[in-house]
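Notes follow once the structure below has been shown.
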Amino acid sequence: MAEYDPQRIEAKWQKVWAGRDAFRAVDNDASRPKYYLLEMLPYPSGTLHMGHMRNYTIGDAVARYKRMCGYNVLHPIGWDAFGLPAENAAIKRGIPPREWTNSNIAQMKAVCKRFGFSYDWQREISTCEPEYYRWNQWFFLRMLERGLAYRKRSRVNWCPQCQTVLANEQVIDGFCWQHDTTAVEAKEIDQWFLRITKYSDALLDGVKDLAGGWPERVLIMQQNWIGKSRGTRVRFAVAEMKTDPLEIFTTRVDTIYGVSAVLLSPAHKNLPELLAGVPGSGAIGQQLKAMQQRSVKTEEIAQAEKIGFFTGRFAVNPFSGQRVPIWVANFVLAEYGTGAVMAVPAHDQRDYEFAEKYHLPVKVVVQPASGAPLSADRMAEAYVEYGRLADSGPYTGLASEQAIEKMAADAAAKGFGAAETTYRLKDWGISRQRYWGTPIPVVYCKNDGVVGVPDDQLPVRLPENVTLTGQGKSPLALVPEFLNTTCPKCGGPAERETDTMDTFIDSSWYFYRYTDPHDDRAPFDKAKAAYWFQIDQYIGGVEHAILHLIYSRFFCKVMNELGLVNHREPVKRLFSQGMVLKDGAKMSKSKGNVVGAIDMADKYGCDTGRMYTLFAAPPEKDLEWSEQGIEGSARFLNRVFRLVDKHAERLRAVTLDWSARTDFATATAKEKVLVRKAHQTLKRVTNDFEARWHFNTSVALIMEFVNELTAQEPLDQDVAPAVLKRVLSILVLMLFPMTPHVAEEMWEMLGNSGTIGDQKWPAYREDLAREEQIEIPVQVNGRVRAKVVVEADLNDDDLKERAMADARIAPLVAGKEVARVVVVPKKLVNIVLK
RNA sequence: GCCGAGGUGGCGAAACGGCAGACGCAGUGGACUCAAAAUCCACCGUGGGCAACCACAUGCGGGUUCAAGUCCCGCCCUCGGCACCA
């Protein structure tokens with residue numbers, strides 16, 4: 001009697017798989033379909049947590065299933081190895097970032113191997129290696145050539161904690177994404193940007209192609225993030241001043257006859273000029289300063305009181321010719337549209353509140369299509385719906401929709417405006433004043449200005465042995481042998497760029513590198529990428545729904561233009577898995593509720609852990625970690641193991657013959673039950689893998705199957721060994737994608753040859769899954785009153801008759817008039833009485 | 001405020017418009033044991049009944065249907081995203 005010893009079994013089979021090179025993906029194999037399955041590459045923090053574990057378990061189950069179905073599966077992993085924590089470790093503990101990073105990678109790799117994830121380790125990449133990051137530099141230079149990378153002095157989000165600039169995407173509610181108690185500050189410095197906004201429409205259009213393959217919520221989040229908005233740009237001349245007109249952006253040009261003021265953001269570039277010479281500008285300057293130092297937490301901004309002041313200047317409404325005051329208002333965003341808006345109190349709630357406070361006139365210029373007409377003195381809030389224009393000169397009487405079009409066209413014809421589309425998406429600021437990242441490959445020369453480093457001088461290596469202090473500007477500026485160089489154009493002295501790239505660059509194209517990970521002439525071979533791409537299935541956490549996934553799509557579009565790839569979207573299907581929670585909260589060190597993957601594997605074995613994560617919740621939902629729950633999975637695997645062990649000896653010598661068909665005419669009753677249950681389970685588990693990805697129900701089905709096998713004991717009576725061997729083999733094969741080690745062990749115990757990796761996923765047979773007799777509930781007026789057992793192929797009329805004749809039904813129906821009888825074939829009978 | 005997802009036993013959860021609660025956890029009773037653990041068997045939504053059985057029950061209120069957890073309309077609550085975006 002063997003004992004289930006997961007530690008022994010798991011080590012044993014991992015060695016076998018490694019010896020057979022079982023997870024190697026074969027480039028350009030035309031003999032079978034390819035399947036590119038990818039999980040998001042982890043940041044090597046050192047600990048592999050349950051979120052990773054869940055992600056890789058789902059991926060591994062699919063990878064193993066697909067291999068059994070005959071696919072050439074590419075299932076790679078790598079390390080997102082650049083980034084701040086390594087630098088912080090260096091500052092705090094004096095460990096060089098590379099050493100810290102590589103030792104973390106080694107630890108996490110060991111855990112991945114301990115879990116038996118079926119990765120092709122020959123394709124492992126680490127983004128902090130020069131062999132990888134030189135291609136970040138290469139991509140940057142291609143973008144520089146095409147004007148997609150550019151330098152601009154700009155107001156940036158500065159995190160005092162990180163001592164660096166953050167992308168807009170890394171600012172969450174005004175706080176640093178890494179330090180949620182540190183408010184982000186504004187700072188002006190020269191920065192490199194990637195022109196992602198050039199692809200706003202392309203990224204938006206691409207969403208249509210992704211529909212169906214990507215979760216809808218992710219696509220909606222991306223659409224919102226891009227934030228396309230159609231409107232009109234209108235120029236208001238400044239009265240009594242020879243200066244540039246003020247441009248405003250509005251989506252409601254139809255309300256322009258109701259303008260009471262032009263509102264400028266406190267950071268508007270024309271303000272100094274407008275304010276110059278205005279009486280009391282000293283006091284105004286004070287107010288302005290106070291306003292510019294507003295709170296940066298967006299939630300507070302949204303709820304903050306609207307304040308503003310009159311500049312002393314006036315602007316002219318180009319449609320009506322009316323003079324309106326120019327104000328500065330704290331709620332006007334400098335970064336969106338033109339940084340200036342027209343205030344229409346009657347038709348915009350914010351303007352309404354502003355007008356109430358500062359006693360600006362309210363003029364109704366759009367009336368509702370039906371109901372009582374509005375008047376300014378009876379309004380309690382702005383009317384923001386479309387309607388019919390009133391008091392709007394030649395446009396009076398038009399519907400809003402038509403007015404918007406006509407007015408934009410007229411503005412363009414008369415030269416004071418135009419229809420315009422704006423986006424919320426901004427260019428991607430990639431400069432980081434940090435050390436542990438990809439050096440930006442440009443030099444600054446007195447003669448030639450900004451010069452890209454020529455391709456044959458790549459990579460620009462990140463110098464190591466650098467003392468890090470964590471203070472002020474870029475650490476690389478303090479390394480003279482890095483900083484001082486010669487200009488590639490004139491040969492004269494020049495200085496290198498000392499900022500490094502945002503690490504999101506690394507992860508924007510890494511999945512192409514897996515197709516050709518050791519190429520030293522190009523980021524990847526076009527033919528190899530063409531063979532493997534698109535990614536058939538990408539799996540990761542929903543926290544990457546915006547940043548990583550939108551940057552990756554942008555890179556793909558650029559790569560398409562560079563002729564490197566033929567497709568426009570890198571990922572065909574995306575799956576967002578839920579979080580792993582403990583006591584209702586996300587596991588985190590600060591909450592002290594972290595369950596380490598390796599501890600769990602030591603205690604129960606990784607197969608038990610895999611089974612539990614698949615069983616406890618459907619993969620897209622959050623999973624509440626429960627110690628008792630995992631005990632249950634351990635019990636189940638023990639039970640299966642004992643069941644197989646009990647019969648293994650008798651079955652070992654029996655040949656497994658899939659072509660032998662169980663003949664239901666001669667089979668024993670017990671054989672029929674077992675074979676049917678096996679094929680019914682197989683049918684539904686196959687469907688779970690193919691369509692629904694609800695592995696929790698797959699596990700439940702297999703448990704039911706095992707319960708049935710146990711209930712039919714003794715299985716050495718009335719069951720032919722050949723039949724039992726097939727039934728148990730089906731059980732083991734179905735378990736393999738989820739709990740591969742114990743499945744392999746049981747496969748061997750049954751005397752089967754080879755490894756399961758060489759086996760085909762068994763095909764279920766409808767004829768073997770079909771029941772001869774089925775139980776049909778019989779309802780009277782929609783309530784179940786009886787159940788009748790009938791032959792599965794009984795026709796509707798006979799079924800109806802049997803239902804009516806049932807001993808429990810007949811008295812209920814007797815003497816009553818039957819209005820109708822609903823018969824749902826193979827499902828139910830409902831007798832409706834009058 | 002806008003957008004999205006979701007509310008089903010003590011808990012995690014099942015359920016092509018067709019028997020609500022599969023499967024598991026916890027719990028209760030029993031077998032095995034000197035005893036415990038492990039294992040095995042039985043029970044396990046609420047109320048009534050000795051029982052067969054009956055009634056009620058999927059956040060709340062309506063509706064469609066022979067039949068609604070599932071579809072439609074109106075609310076409430078929870079979670080996630082966006083947020084003074086003009």
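Reminder, nothing fancy here: chain letters follow the sequence lines and each chain counts from 1. Scope of the values below: all heavy atoms of this structure, side chains included, with no hydrogens, waters or symmetry mates.
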Table of protein N/O atoms under 3.5 Å from nucleotides 56-58 of chain B N/O atoms:
unit_1, atom_1, unit_2, atom_2, d
B:C56, OP2, A:R783, NH1, 3.0
B:C56, OP2, A:R783, NH2, 3.2

* Asked: Has A:Y336 got a side-chain N or O lying under 4.0 Å from the OP1 or OP2 atom of B:A86?
  -> yes
* Distance below 4.0 Å between A:S229 side-chain N/O and B:A86 OP1 or OP2 -> yes
Taking only nitrogen or oxygen atoms into account, show me every contact under 3.5 Å that the protein makes with nucleotides 45-47 of chain B, one pair per line with its distance.
none

* Asked: Pairs counted as Watson-Crick or G-U wobble with both distances under 3.5 Å: what dot-bracket string results for RNA chain B, using | for bases tied to another strand?
  -> (((((((..(((.....[....))).(((((.......))))).((((....))))..(((((..]....))))))))))))....
* With a 4.0 Å cut-off, would you call A:K603 and A:E627 a salt bridge? -> yes
* A:R808 bridged to A:D806 by N-O distance under 4.0 Å -> no
* To do: Take the angle between the ring planes of A:W693 and A:F575 and call it parallel below 30°, perpendicular above 60°, tilted in between.
  => tilted
* **Whether over 12 other heavy atoms sit under 6.0 Å from A:E817 CD** => no
* Is there a donor on the side chain of A:R252 or the base of B:A86 sitting less than 3.5 Å from an acceptor on the other? -> no
* Asked: Quick one: side-chain contact (heavy atoms from CB on, under 4.5 Å) partners of A:S552, sequence neighbours excluded?
  -> A:F511, A:H548
* Would you please say whether a donor-acceptor pair under 3.5 Å links the side chains of A:Y764 and A:Q680? => no
* With distance as the sole test, does A:S265 use its side chain to make a donor-acceptor pair with the main-chain N or O of A:L333 at under 3.5 Å? -> no
* **Between B:C54 (P) and A:N781 (CG): distance, integer Å** => 14 Å
* To do: Compare every heavy atom of A:L425 with every heavy atom of A:L203, then report the nearest pair and how far apart it is.
  => CD1-CD2, 4.4 Å
* Structure fact -> Readout for nucleotides 13-29 of chain B: B = base within 4.0 Å of protein heavy atom, S = sugar-phosphate only, - = neither; 5' to 3' it is SSSB-BB--BBSSS---
* **Row check, A:F331 ring normal vs A:K306 NZ/CZ: under 6.0 Å, within 45°** => yes
* Asked: Applying salt bridge (charged side-chain N to carboxylate O under 4.0 Å, His left out), which residue pairs with at least one partner in residues 221-236 of chain A are found, sequence neighbours left out?
  -> A:D201-A:K228, A:R233-A:E247, A:R233-A:E420, A:R235-A:E247
